[in-house]
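The structure appears below as structure tokens.
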Amino acid sequence: MNENEEIQPGRILVLCALPYTNAVPHIGNIVGSHLPADIFARYCRLRGKETLFIGGADENGTPTEVATIELHVSPKQLTDALYLIHKKIYNWFWISYDNFSRTSTSTHHKTTQEFFSKIYENGYISEGVLSLPYCEHDKLFLPDRYVEGTCPYCQYSKARGDQCEQCTRLLDPDQLLKPRCKICGNTPIVKESKHLFLELEKLIPQLDEWIRSNKHWRIQVISLALGWIKEGLKRRCITRDLKWGVPVPLEGYKEKVLYVWFDAPIGYLSFTKEWAETNNMPEEWRNYWDLEKGKEAKIYNFIGKDNIPFHTIFWPAMIMAHGGLKLPYNVIGLQYCNYEGDKISKSRSWGIFCEKLPESGVDSDVWRYYLTYLIPETKDSDFKWEDFENRVNSEYVGNIGNFIHRTSTFVWKYLGGELPAVQLNKEESIVKEIFLTKKKIEELLDNVRLRDALTEILSLSDKGNRYFQENKPWELIKGSETDKEKCVHIIYVCTLLSISLSILLEPFIPKTSERILNQLNINFQEKWDSIGHPFSKVKHKINEPHVLFEKLTKEKVEMLKATVTKMTPLEEFLRKEKES
RNA sequence: AGCGGGGUGGGGUAGCCAGGUUAACCCGCAGGGCUCAUAACCCUGAAAUCAGAUGUUCAAAUCAUCUCCCCGCUACCA
């Protein structure tokens with residue numbers, strides 16, 4: 001990472017990996033993209049940047065189509081239900097999307113088809129014929145993993161067409177003994193089908209140069225991308241024999257749809273366009289995407305490590321083949337978040353599943369606070385209930401919460417809820433600390449170092465607690481007039497520190513930050529720039545302080561654990577959806 | 001199997017690319033202090049042969065080689 005990089009003037013487009021909506025999001029999905037993207041987007045807005053935060057549901061592709069066959073529902077019924085669940089959960093987490101859309105919208109279909117046509121006109125599309133497994137019963141071409149059979153090496157009877165889970169060997173579907181369709185169990189036949197391909201090899205030099213130029217990318221991202229280039233790129237099939245998806249706008253291919261990995265990233269563009277249209281500024285998207293009009297803009301992609309090749313190779317290649325559009329400025333490839341030492345798994349029901357969180361009685365900011373520590377910036381992280389409880393109680397409630405609470409209750413009880421305007425000494429070390437921390441946090445967040453930034457904030461509140469302790473205002477208030485004046489000064493500084501902390505914390509715990517500022521009766525226009533500066537020229541009255549955060553009890557944690565680690569099956573969701 | 005990343009006190013992490021003070025931070029633990037604050041807060045302390053082995057170097061958590069373990073990708077899951 002380039003530590004000296006700074007956010008320059010110009011717009012910021014924050015893009016979050018589009019969740020594939022074939023299930024309810026789990027905690028790993030939140031920590032792995034939505035939360036870090038949101039923290040960064042909120043920070044950019046707080047700094048006064050014109051910021052746009054875009055995401056949406058990825059609804060096309062084989063798994064969705066297969067699920068509709070298995071569940072006997074239409075694709076629309078399924079995706080409508082899942083879209084609403086996803087949206088509800090992200091809203092609950094206060095993920096501040098400017099537009100959280102979906103790939104089944106007409107704007108998306110139109111944008112994708114135009115995008116395809118442009119690439120086609122530019123000569124980056126070729127034709128070819130593939131022989132693929134086909135199920136005559138389900139009338140469906142089967143992707144490798146939807147063909148099951150016996151492994152030729154270890155005789156495992158449930159090997160998939162792409163890999164045997166028992167002996168981990170990579171396979172081809174035609175190697176399987178006794179192959180059968182995963183959906184209905186019938187034996188698939190092999191059938192030829194015409195397909196379209198993206199000519200990636202034409203773009204190798206351009207891609208290579210671009211990847212190498214991005215010195216500010218994380219090591220994991222740049223190494224993986226260069227690894228793909230080194231291996232050599234070949235043309236990639238971009239069409240599928242499915243009904244559910246974006247139809248291919250080309251004669252002879254109208255019965256097919258574009259591959260979900262072709263249409264999904266175009267969602268970033270189409271959802272931006274949709275946002276612009278909705279807000280009656282139909283050309284505004286160009287200020288983020290257009291090579292000329294959006295020259296000063298920067299695009300940040302937040303994605304999981306499984307997505308790195310798509311965002312560093314295939315999607316950039318599509319942009320290059322299209323022309324006239326901006327490439328990502330930074331691809332923040334995050335690692336995975338495990339649960340209690342093992343990877344999160346929907347099928348084994350291992351992890352925390354988000355659908356019950358809104359009813360859990362634990363504030364979303366409590367989750368956001370702890371989950372920020374779990375953002376797997378450099379390596380896989382691990383969720384542990386014990387750590388969750390400890391950190392929330394000792395840091396969030398005990399350190400930050402306590403400092404703000406002890407300060408404001410002191411003002412309320414001993415100073416009648418009022419603070420006079422005080423002459424601040426900028427040389428006072430604790431005041432200097434505020435400015436120093438602010439600067440450090442700017443550097444860290446400009447470089448998308450989210451966890452380190454939160455740690456810095458914690459250390460500032462730590463210093464606040466120490467300052468309070470060392471200066472003993474509770475003794476001074478009982479002393480002489482001089483002592484009382486000194487006391488007021490100390491409490492003023494602590495209040496200033498509380499205000500600064502809540503502003504610094506806004507990207508992380510936005511709801512609580514707002515509550516603190518309300519309690520302290522603060523309403524700044526330019527929040528970030530006011531950090532560390534005197535908050536009033538006249539007497540300042542605060543509102544009656546209330547406890548900001550409840551501590552987590554053992555019972556509460558046990559209750560939580562019992563509810564949120566269970567996953568509701570899709571069938572049940574669809575039933576509920578129908579009933580309501 | 002190939003490619004990429006990771007393995008750091010009891011738990012969670014930073015440091016590694018640009019080798020160099022007693023390996024940093026948070027939680028936990030032990031002892032002490034304080035009483036404004038939600039038994040909160042403050043101080044002190046114990047605890048790590050930096051996955052293992054070999055090498056380069058005056059000097060290695062950091063560079064190189066090999067081994068073991070975990071994760072991701074390998075082009076038709078997304």
Side-chain angles (χ1 to χ4, degrees), chain A residues 1 17-20 22 58 60-64 66 130 132-133 141-147 160-163 168-170 172-173 195 200 218-228 230-231 233-237 240-241 259-261 264 304-310 313-314 333 335-336 338 341-343 373-374 376-384 386-387 389-391 393-395 397-399 401-411 413-414 449 451-452 454-456 458-459 462 464-470 472-477 487 491 494 545 547-551:
Chain A
M1 296 289 301
L18 309 188
Y20 192 71
N22 64 341
D58 177 8
N60 298 323
T62 317
T64 298
V66 169
L130 294 176
L132 299 163
F141 278 93
L142 301 169
D144 292 355
R145 64 161 43 197
Y146 284 95
V147 182
R160 290 191 324 229
D162 56 344
Q163 185 172 28
T168 74
R169 277 191 184 80
L170 298 182
D172 276 324
H195 280 285
L200 283 172
R218 291 186 188 181
I219 179 87
Q220 290 92 336
V221 176
I222 205 154
S223 310
L224 198 75
L226 287 175
W228 272 75
K230 205 174 79 189
E231 293 277 298
L233 301 174
K234 38 187 194 195
R235 66 180 198 165
R236 190 177 178 96
C237 183
R240 291 291 183 277
D241 286 292
Y259 175 35
V260 60
W261 258 114
K305 63 178 170 184
D306 54 334
N307 266 333
I308 293 172
F310 292 100
I313 304 283
F314 305 125
Q335 307 298 302
Y336 278 6
N338 292 326
D342 212 345
K343 61 175 163 175
Y373 280 107
L374 293 185
E377 295 186 49
T378 55
K379 62 176 176 189
D380 293 351
S381 63
D382 201 8
F383 180 100
K384 295 208 165 179
E386 200 192 337
D387 194 45
E389 189 189 327
N390 284 339
R391 263 187 201 277
N393 286 342
S394 79
E395 293 181 10
V397 182
N399 186 329
N402 177 58
F403 175 70
I404 293 167
H405 191 244
R406 77 199 287 201
T407 300
S408 45
T409 39
F410 199 99
V411 175
K413 279 193 201 163
Y414 294 86
R449 305 270 305 232
R451 278 180 320 176
D452 289 349
L454 186 54
T455 304
E456 266 326 308
L458 193 75
S459 120
D462 207 54
N465 272 319
R466 217 173 305 153
Y467 176 80
F468 205 112
Q469 187 77 13
E470 282 164 6
K472 300 184 174 43
W474 61 88
E475 280 178 13
L476 294 173
I477 193 71
C487 169
I491 294 301
C494 286
V547 165
L548 286 164
F549 333 95
E550 294 289 334
K551 282 192 88 166

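All values reported here derive from a predicted model rather than from experimental measurement.
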Self-check item: Touch class at under 4.0 angstrom, heavy-atom based, for A:Asn399 against every strand present
Solution: sugar-phosphate

Quiz prompt | Distance, P atom - from B:rA64 to B:rG4, rounded to whole angstrom | solution = 12 Å

Practice problem: Take atom CD1 of A:Ile491 and atom C1' of B:rA37, then tell me their distance rounded to the nearest Å. | Solution: 11 Å

Quiz prompt | 5'-most by nearest nucleotide on RNA chain B - A:Asp462 or A:Thr455 | solution = A:Thr455

Practice problem: Determine the Euclidean distance between corresponding C1' atoms of B:rG19 and B:rC58; express it in Å to zero decimal places. | Solution: 12 Å

Exercise. Can you tell me the distance, in whole Å, between the CG atom of A:Asn338 and the P atom of B:rC70?
Key: 13 Å

Exercise. Check whether more than 12 heavy atoms from other residues, nucleotides or ligands sit under 6.0 Å from atom CD of A:Glu386, and answer yes or no.
Key: no

Self-check item: B:rC41 versus B:rC36 - spacing of their C1' atoms, nearest Å
Solution: 10 Å

Exercise. Give the rounded distance in Å between these two atoms: CG of A:Leu226 and P of B:rG5.
Key: 10 Å

Quiz prompt | B:rA14 to B:rG5 separation - P atoms, rounded to the nearest Å | solution = 16 Å

Quiz item: Should A:Asp387 and A:Lys384 count as an ion pair when the cut-off is N to O under 4.0 Å?
Solution: no

Quiz item: With no hydrogens and no angle check, is any side-chain donor or acceptor of A:Glu377 less than 3.5 Å from a backbone partner on A:Arg451?
Solution: yes

Practice problem: Ignoring hydrogens and angles, tell me if any N or O in the side chain of A:Asp58 forms a donor-acceptor pair with the backbone of A:Leu18 under 3.5 Å. | Solution: no

Quiz item: What does A:Asp241 touch in the nucleic acid at a heavy-atom separation under 4.0 angstrom: a base, only the sugar-phosphate, or nothing?
Solution: nothing

Self-check item: Dot-bracket line, read 5' to 3' along RNA chain B, where crossing pairs take [ ] and | marks a partner on another strand, Watson-Crick or G-U under 3.5 Å
Solution: ((((((((.[[[[.)....(...]]]].(((((.......))))).....[[[[[..)....]]]]])))))))....

Quiz item: Taking OP1 and OP2 of B:rA37, is either one under 4.0 Å from a side-chain nitrogen or oxygen of A:Lys413?
Solution: yes

Exercise. Determine the Euclidean distance between corresponding C1' atoms of B:rA47 and B:rG9; express it in Å to zero decimal places.
Key: 6 Å

Self-check item: Whole-Å distance separating the CG atom of A:Leu458 from the P atom of B:rC27
Solution: 7 Å

Exercise. Could you grab the distance from atom CZ of A:Phe410 to atom SG of A:Cys494, nearest 0.5 Å is fine?
Key: 9.5 Å

Quiz item: Would you say the ring centroid of A:Trp228 lies under 6.0 angstrom from that of A:Phe314?
Solution: yes

Practice problem: Quickly work out the A:Phe383 CZ to B:rC27 C1' distance and round it to whole Å. | Solution: 14 Å

Quiz item: How long is the gap from CD on A:Glu389 to OG on A:Ser394, to the nearest 0.5 Å?
Solution: 10.5 Å

Exercise. Report the distance from atom OH of A:Tyr259 to atom CZ of A:Arg236, rounding to the nearest 0.5 Å.
Key: 4.5 Å

Quiz item: Would you say B:rC43 has OP1 or OP2 under 4.0 Å from some side-chain N or O of A:Arg466?
Solution: yes

Quiz item: Is the charged tip of A:Arg406 near the ring of A:Phe468: under 6.0 Å from the six-membered ring centre and within 45° of its axis?
Solution: yes

Exercise. Establish, with yes or no, whether the OP1 or OP2 oxygen of B:rC70 is under 4.0 angstrom from a side-chain nitrogen or oxygen of A:Lys343.
Key: no

Self-check item: Touch class at under 4.0 angstrom, heavy-atom based, for A:Leu548 against every strand present
Solution: base

Protein and nucleotides 11-15 of chain B: nitrogen or oxygen contacts under 3.5 angstrom:
from, atom 1, to, atom 2, distance (Å)
B:rG11, O3', A:Lys384, NZ, 3.4
B:rU13, OP1, A:Asp380, O, 3.4
B:rU13, OP1, A:Asp382, N, 3.1
B:rU13, O3', A:Arg451, NH1, 3.2
B:rU13, O3', A:Arg451, NH2, 3.4
B:rA14, OP1, A:Thr378, OG1, 2.1
B:rA14, OP1, A:Arg451, NH2, 2.7
B:rA14, OP2, A:Thr378, OG1, 3.2

Quiz item: Nearest of B:rC36, B:rA37, B:rG5 to any side-chain atom of A:Gln220?
Solution: B:rG5

Quiz item: What integer distance in Å separates A:Ile477:CD1 from B:rC36:C1'?
Solution: 10 Å

Exercise. Say whether, by atom type as modelled, one donor and one acceptor occur between the side chain of A:Ser459 and the main chain of A:Thr455 under 3.5 angstrom.
Key: no

Self-check item: ring pair (Phe, Tyr, Trp, His ring centres under 6.0 Å) against A:Tyr20, all qualifying residues, sequence neighbours excluded
Solution: none

Quiz prompt | Touch class at under 4.0 angstrom, heavy-atom based, for A:Tyr414 against every strand present | solution = sugar-phosphate

Self-check item: Partner set under side-chain hydrogen bond (donor to acceptor under 3.5 Å, both in side chains) for A:Asp380, not counting sequence neighbours
Solution: A:Lys305

Quiz item: Quantified in whole Å, what is the C1' atom distance between nucleotide B:rG2 and nucleotide B:rA61?
Solution: 28 Å

Self-check item: Nearest-angstrom distance, C1' atom, B:rU8 to B:rA48
Solution: 8 Å

Quiz item: Just wondering, more than 12 heavy atoms not from A:Gln163 lying within 6.0 Å of its CD?
Solution: yes

Quiz item: Checking side-chain hydrogen bond (donor to acceptor under 3.5 Å, both in side chains) for the pair A:Asn60/A:Arg240: CA distance, chi angles, key distance, verdict?
Solution: CA-CA 11 Å; A:Asn60 298 323; A:Arg240 291 291 183 277; over 6 Å; no

Self-check item: Contact under 4.0 Å: A:Thr409 side-chain N or O vs B:rC36 OP1/OP2
Solution: no

Practice problem: Please report, rounded to the nearest Å, how far the P atom of B:rC16 is from the CZ atom of A:Arg218. | Solution: 14 Å

Quiz item: A:Ile313 pairs by side-chain contact (heavy atoms from CB on, under 4.5 Å) with which of A:Leu224, A:Ile308, A:Leu233?
Solution: A:Leu233

Contacts under 3.5 Å, N or O only, protein and nucleotides 28-35 of chain B:
from, atom 1, to, atom 2, distance (Å)
B:rG33, N2, A:Gln469, NE2, 3.2

Self-check item: Inter-nucleotide C1' distance (B:rC16, B:rG10), Å rounded
Solution: 25 Å

Practice problem: Using whole Å, report how far CZ of A:Arg406 lies from P of B:rA37. | Solution: 10 Å

With 3.5 Å as the limit, what N/O pairs link the protein to nucleotides 75-78 of chain B?
from, atom 1, to, atom 2, distance (Å)
B:rA75, N6, A:Gly232, O, 2.5
B:rA75, N1, A:Lys234, N, 3.0
B:rC76, O4', A:Arg240, NH2, 3.0
B:rC76, O2', A:Asp144, OD1, 3.3
B:rC76, O2', A:Asp144, OD2, 2.8
B:rC77, O4', A:Arg145, NE, 3.2
B:rA78, OP1, A:Thr62, N, 3.1
B:rA78, O3', A:Asp58, OD2, 2.5
B:rA78, N7, A:Trp261, NE1, 3.2

Exercise. Among A:Leu142, A:Asp144, A:Asp162, find the residue that satisfies the side-chain contact (heavy atoms from CB on, under 4.5 Å) test when tested with A:Pro173.
Key: A:Asp144

